[in-house]
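Whatever order the structure lists them in is the order used to number ligands and atoms, beginning at 1. Everything numeric here is computed off the predicted structure, so don't read it as measured data.
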Amino acid sequence: MNAFETLKEQVAQVSDVLNAISVLTWDARTQMPPGGAETRGEQLATLSSLAQERLISSELKAALDQAEAVSTDLIQTRTVQRVREAVSLFERIPPTLTAELARSKSVSQEVWAEARKGSDFGLFAPYLAQMIELNQRLAEAIGYTESPYDALLQQYEPGLTARTLQDLFSSLKDGVLPLLEAIRSRSEPRWDFLTRDFLEDQQRSFNVYAAELFGYDFTRGRLDTSAHPFEISFTRQDVRITTRYERRYLPMSLFGTLHEVGHALYEQGVAPELTRSALTSDFAGLYAVGGASYGTHESQSRLWENLIGRSLPFWERHFAKLQTVFPEQLGDVDTNTFYRAVNRVSPSLIRVEADEVTYNLHIMLRVELETALLNGTLEVAELPEAWNAKLGEYLGLTPPDDASGVLQDIHWSAGLFGSFPTYTVGNVMASQFFGAAKTQVAGLDEALAAGNYAPLRTWLTENIYQYGRTYTPQELLERSTGQSLTVAPYLEYLDQKYRDLYDL
Ligand code: ZN
């Protein structure tokens, strides 16, 4: 074995541990009885420390030094770079902190689920306080120059800082708030039919149909049900998604599934030769993932869910099929009325159900609150009130209870501070990528109108998916669109679509 092969073999073993962590995580969120939470936490803690210990072992570091000396091509140099970054990171983070985070996460998620069910913030509060404290320690260990939030952001979106985020949010506000105001002066489109009785089995059958249309490969995936929808992969050969069903609200499982399919296409599209490598491992998050960053990943879920799944060409092509699944519920509705209903803009309490125009306001609210929690300028006990005040300020709403307010998202219970901004980054990137595909692929609009998604998927695979984590998000953007992260294409997309929809 040459020096690079030796490193590759050692990294593959770490990757196997990360994939095992993912299997246990998938099980915890879909199948595990609540009683399993505590021991599952111990198992995840053990595996996390094992992965971390292996990464900073003298054996691996020696292999890394030797591989660095002989690395020549892109894959080799980037592999060395990613492993080097991970080693440096874990030499800063004490293994006891990693283990403590993993252990606490498991219990805290279980308590959050219970607290959400009973809308009991007091039950979750001490666990949240502990998660904040652990993340503060994590930020100190990772290190930062300006804000502790920068240290945490790096885990999800390398290159993004609290400062650049502020600029991004303020340009977005400037574009979105006037659009929202104009929309609110118009009457709401009809959408009563979306709340008719849609049986779960039938919803599932259309979700499977749409997933296959987009190119999700069920021989390397499966669709299950969970409280909070997610996608998770155990190498590109086994990429799973989940959704949740609401009999009286069709869009929930439908667009939720399309969203997760977008994530899954990314993972299934990673080049086979990157399997079990540093370029399909998020060492910082101790997570096996093929995407370049959380934001890049979200750009794909948003692209397939919104830019395709909520587009007029998509429904002109597939609404008749949906009507055959639900003849009684949708027989009296025409395509355009359905299209307008699923794109209706209406400030709502729940982020995952939010329309495209108000979505990023939900993110801004969370980012402002989590920054304050981490900086210590907001106490956990004050959080529900602060949440409600901001929701009033941005969306003019007051939640009836904490379950539909501060307790709605799993993220804080899972210790994911700094991950919310990646949703907005994803929205912005999605429009940039889609714009580039449209100019570079001849006949793309015609193919999409004909229900042929292969040309788009091929462009995305060639420009994004196949590389895994070889390139940084910035490099992927610049190589495929010629631009860095910029909000203009996203704002243009929103403006065009919604001015047309609302006759503005
Ligand atoms: Zn997502």
Side-chain angles (χ1 to χ4, degrees), residues 22 25-26 29-30 109 153 155-157 160 207 210-211 214-216 221-233 236 239-245 251-270 282 285 287-310 348 350-356 358-367 370 408-434 457 460 464-465 468-469 473 476 485 490:
S22 291
T25 305
W26 175 84
R29 293 198 202 162
T30 56
Q109 284 179 70
L153 273 176
Q155 303 175 96
Y156 310 105
E157 205 56 34
L160 191 69
N207 294 344
F214 285 174
Y216 178 59
R222 52 182 285 143
L223 171 62
D224 292 278
T225 308
S226 66
H228 199 96
F230 65 98
E231 171 275 328
I232 199 163
S233 72
R236 72 190 293 282
V239 181
R240 304 186 188 184
I241 54 176
T242 69
T243 192
R244 61 177 160 195
Y245 296 93
M252 185 182 279
S253 87
L254 172 53
F255 293 103
T257 304
L258 299 187
H259 181 97
E260 303 308 333
V261 164
H263 283 302
L265 291 176
Y266 196 166
E267 294 293 318
Q268 289 189 335
V270 171
D282 169 14
Y287 206 58
V289 62
S293 68
Y294 278 58
T296 319
H297 234 293
E298 198 63 15
S299 77
Q300 296 314 300
S301 55
R302 289 279 149 184
L303 193 157
W304 290 99
E305 175 196 358
N306 291 332
L307 306 187
I308 304 299
R310 279 183 217 265
S348 68
I350 309 293
R351 173 184 62 85
V352 292
E353 298 305 322
D355 58 78
E356 291 179 278
T358 57
Y359 187 88
N360 297 299
L361 299 171
H362 287 270
I363 299 302
M364 290 176 207
L365 172 157
R366 286 156 178 74
V367 172
E370 68 180 11
Q408 67 182 266
D409 291 311
I410 196 173
H411 302 61
W412 289 337
S413 75
L416 299 169
F417 288 83
S419 75
F420 277 121
T422 64
Y423 293 118
T424 293
V425 169
N427 282 328
V428 170
M429 284 172 95
S431 284
Q432 291 187 261
F433 285 133
F434 194 42
R457 207 178 53 251
L460 294 167
I464 305 167
Y465 302 169
R469 304 174 76 88
L476 283 175
L485 188 71
Y490 178 55

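The shortest distance between side-chain heavy atoms of V289 and R469 falls below 4.5 Å. Between Y266 and V239 there is no side-chain heavy-atom pair separated by less than 4.5 Å.
Only protein atoms were considered; those of element N, O or S under 2.8 Å from the Zn ion (ligand 1) number 3.
Atom CD of Q109 sits about 8.0 Å away from atom OG1 of T25, to the nearest 0.5 Å.
For S253 and T243, the side-chain atoms include no donor-acceptor pair closer than 3.5 Å.
Applying the ring pair (Phe, Tyr, Trp, His ring centres under 6.0 Å) test to Y294 and every residue at least two apart in sequence or in another chain returns Y156.
For the side chain to side chain contact (heavy atoms under 4.5 Å, CB included) test with I241, the passing option among L223, D224, I232 is L223; the others fail.
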